[in-house]
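Order of the sequence lines fixes the chain letters, A, B, ..., with proteins taken first and strands second; residue numbering starts at 1 for each chain.
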Amino acid sequence: MPTKLKGMESLKRTKIRDLIQSEEWGKEVTAKGWVRTKRESKNVVFITLNDGSTIHNLQVVLDAEVIREEVISRIHSGAALSVTGEIVRSLGAGQNMELKAHEVEILGEANPDEYPLQPKKHSLEFLREIAHLRFRTSTFGAITRVRHSMIFAIHKFFNDKGFYNIHTPIITASDAEGAGEMFRVTILDPVNPPRKEDGAVDYSHDFFGRPTNLTVSGQLEAELAALSMSDVYTFGPTFRAENSNTSRHLAEFWMIEPEMAFYDIHDNMDLAEEMLKFLVQYALDHCRDDLEFLSKRQQEEERQKKVEDRSPMELREKLMFVLDNAFERITYTEAIDVLQNSPYNRKNRFQFPVNRWGIDLQSEHERYLVEKHYRTPVIITDYPKQIKAFYMKVNDDDRTVRALDVLFPQIGEIIGGSQREERLDVLLRRMKEMNIPEKEMWWYLETRKFGTVPHSGFGLGFERLMLFITGMGNIRDVIPFPRTPQNAEF
RNA sequence: UCCCCAAUAGCUCAGCUGGUUAGAGCGAUUGACUGUUAAUCAAUAGGUCCCUGGUUCGAGUCCAGGUUGGGGAGCCA
């Protein structure tokens, strides 16, 4: 316990989230935070203070006769303050209470000539360049709080359902998952690595004695756990070294991968839909003020856009819409049928015409189904086996697999998953067909050898969920420090 | 990786078919005024016109290459 100062009791700091709801007029409190704006008058100075605990700011009132001019003149946007004073009813509009300062301590100054954040709207592109400071904006404060709530809600959802969280490895030696280019993990000298006689790099001298990479998915390891613990999920970082330059891709992102024994593809779809709805409901229940701010922000941005590019629904309306409607569940074959007979296809308005069964669906096709045809989230299942991964369960027709994609408006694929192939002979055949090295996967195959059972799972891209919940348009703005090609600053 | 677009003051942007000293709003500073709400009014300061090369008497402006950013596509979550 810190020793109390004589005469002047040191007050415990109260968070602004709690302060602004207080009606304990006359109570002495201490607030700490960062200055958003300062407005000066002859006799009185107003400071809006924010400490990240809420989207709302605390109005601090400094009486020029109480607080020394020398202190007031050093307060600028961005400065950190500790303010002790009394809670009073606000005389102005815009807030119920304000803090009448008795004492102000400047914890950290901010030079106004250099501080880049101004009390005005900044472009998201500019804020990305100052990601170390963008938490101090209302927008990123809101996003950060919503992000936390979603992380928490995900763990709550699975915990309440009796799932166990599994930490799957971040460094992996298997490169057989086929989920994209990987980042190599090595301690070998890049200029002069040890070489074998044929000139190839000799990884037996590397840290693990073999080539290793950052994980592209925790699925295979999660399957191992599920085939013993029944229901498990992972929630960890995922790395893809793809040269993807879009508003929906990151080189480092977070993924939720539940894996369930005794689930078929229908159980899998039920879980995916239930989870997404739970998360949306949680956001609506727990992030009211932040969502309201983000909604207003989005509406202002929408006004700059062309009418046809505007989203038809306001943010919270869009979230409610997901809650109120059952996701449309269709097979790939049905999707092709709808697309082939669509007026869009007949009038040749697709860049990639839909002319035969077996083609991979392009994002324009997915968007048509979700935004134009069904006008609700869509789950597509039973894709041709040629365009899907080796571990997906082959259907009796031997041409489709029990894959599932959950498609959302604007975002596209938010979830990808499948029922897994549990039959050892079929799995081995599929691996041969797709040139997956059996030898490296011996541990995966043993789960099919010893007590194999039907099981299923899926992957939810956490940042894509965040795009949907916050209404933001670029995935780089829903993660604090985005990793993209040519960018690993901060 | 491919296609398209952009880069000018701290920020957002204007700058025409190449032509003298490159502008505005916001922000900052100073002053005035005021229980203010991104306060208001006035004045002041503030520029490697992204980089390299080329065309030209002359390039912020035209051309080539590059860098960075944005939108779209592919890959996917």
Choosing from [options], which nucleotide comes nearest the side chain of [X]?
X: A:Pro112; options: B:rA28, B:rG10, B:rA77; result: B:rA28
X: A:Ser247; options: B:rU68, B:rG71, B:rC76; result: B:rG71
X: A:Arg248; options: B:rU29, B:rA73, B:rG71; result: B:rA73
X: A:Arg476; options: B:rG71, B:rC75, B:rU29; result: B:rG71

Under the side chain to side chain donor-acceptor pair (under 3.5 Å) rule, collect the residues that match up with [X], sequence neighbours excluded.
X: A:Gln299; result: none
X: A:Lys156; result: A:Asp160
X: A:Gln340; result: none
X: A:Lys161; result: A:Glu274

Kindly give the atom pairs (protein nitrogen or oxygen, nucleotide nitrogen or oxygen) under 3.5 Å for nucleotides 43-52 of chain B.
none

- request: Check ring pair (Phe, Tyr, Trp, His ring centres under 6.0 Å) between A:Phe235 and all other residues, then give those that pass, not counting sequence neighbours.
  value: A:His155, A:Phe462
- line: So, with a heavy-atom separation below 4.0 Å from RNA chain B, the residues of residues 41-49 of chain A are A:Ser41, A:Lys42, A:Phe46
task: For RNA chain B, determine which residues of residues 124-135 of chain A have any heavy atom closer than 4.0 angstrom to one of its atoms, and list them numerically.
output: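 Result for residues 124-135 of chain A: A:Glu125, A:Phe126, A:Arg128, sorted by number.
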- request: Please confirm whether the backbone N or O of A:Val216 pairs with a side-chain atom of A:Arg240, one donor and one acceptor, at under 3.5 Å?
  value: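 Side chain of A:Arg240 to backbone of A:Val216: a pair is present.
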- prompt: NA contact type, A:Ser123, heavy-atom cut-off 4.0 Å: base, sugar-phosphate, or nothing?
  reply: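 Sugar-phosphate contact only - A:Ser123 comes under 4.0 Å of backbone atoms but never of a base.
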Between [atom2] of [N] and [atom1] of [X], the distance in whole Å:
X: A:His122; N: B:rC13; atom1: NE2; atom2: C1'; result: 15 Å
X: A:Glu259; N: B:rA77; atom1: CD; atom2: P; result: 13 Å
X: A:Glu366; N: B:rC75; atom1: CD; atom2: P; result: 9 Å
X: A:Glu114; N: B:rG10; atom1: CD; atom2: P; result: 13 Å

Nucleotide-level pairing of RNA chain B, given in dot-bracket where Watson-Crick and G-U pairs need both distances under 3.5 Å and | marks other strands: (((((((..((((.....[...)))).(((((.......))))).....(((((..]....))))))))))))....
- prompt: If you draw the axis of the six-membered ring of A:Tyr344, does the NZ or CZ of A:Arg349 fall within 45° of it and under 6.0 Å from the ring centre?
  reply: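 Yes, A:Arg349 and A:Tyr344 form such a contact.
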For residues 479-490 of chain A, which side-chain donor-acceptor pairs fall under 3.5 Å, sequence neighbours excluded?
from     : atom 1 : to       : atom 2 : distance (Å)
A:Arg483 : NH1    : A:Glu489 : O      : 2.9
A:Arg483 : NH2    : A:Phe490 : O      : 2.6
A:Asn487 : OD1    : A:Glu489 : N      : 3.3

Could you go through nucleotides 1-9 of chain B and list every protein N or O atom that sits under 3.5 Å from one of its N or O atoms, giving the distance for each pair?
from  : atom 1 : to       : atom 2 : distance (Å)
B:rU1 : OP1    : A:Asn243 : ND2    : 2.4
B:rU1 : O5'    : A:Asn243 : ND2    : 3.4
B:rU1 : O4     : A:Asn243 : O      : 3.2
B:rU1 : O4     : A:Asn245 : N      : 3.4
B:rU1 : O4     : A:Asn245 : ND2    : 2.9

Name the atoms and distances for all side-chain donor-acceptor pairs under 3.5 Å in residues 378-386 of chain A, with sequence neighbours left out.
from     : atom 1 : to       : atom 2 : distance (Å)
A:Thr381 : OG1    : A:Ile330 : O      : 3.4
A:Asp382 : OD1    : A:Asn395 : ND2    : 2.7
A:Tyr383 : OH     : A:Asp405 : OD2    : 3.2
A:Lys385 : NZ     : A:Asp398 : O      : 3.2

message: If I take atom CD from residue A:Glu86 and atom CG from residue A:Leu99, how far apart are they, to the nearest 0.5 angstrom?
response: 9.0 Å
- request: Can you measure from OG1 (A:Thr84) to CD (A:Glu103) and round to the nearest 0.5 angstrom?
  value: 6.0 Å
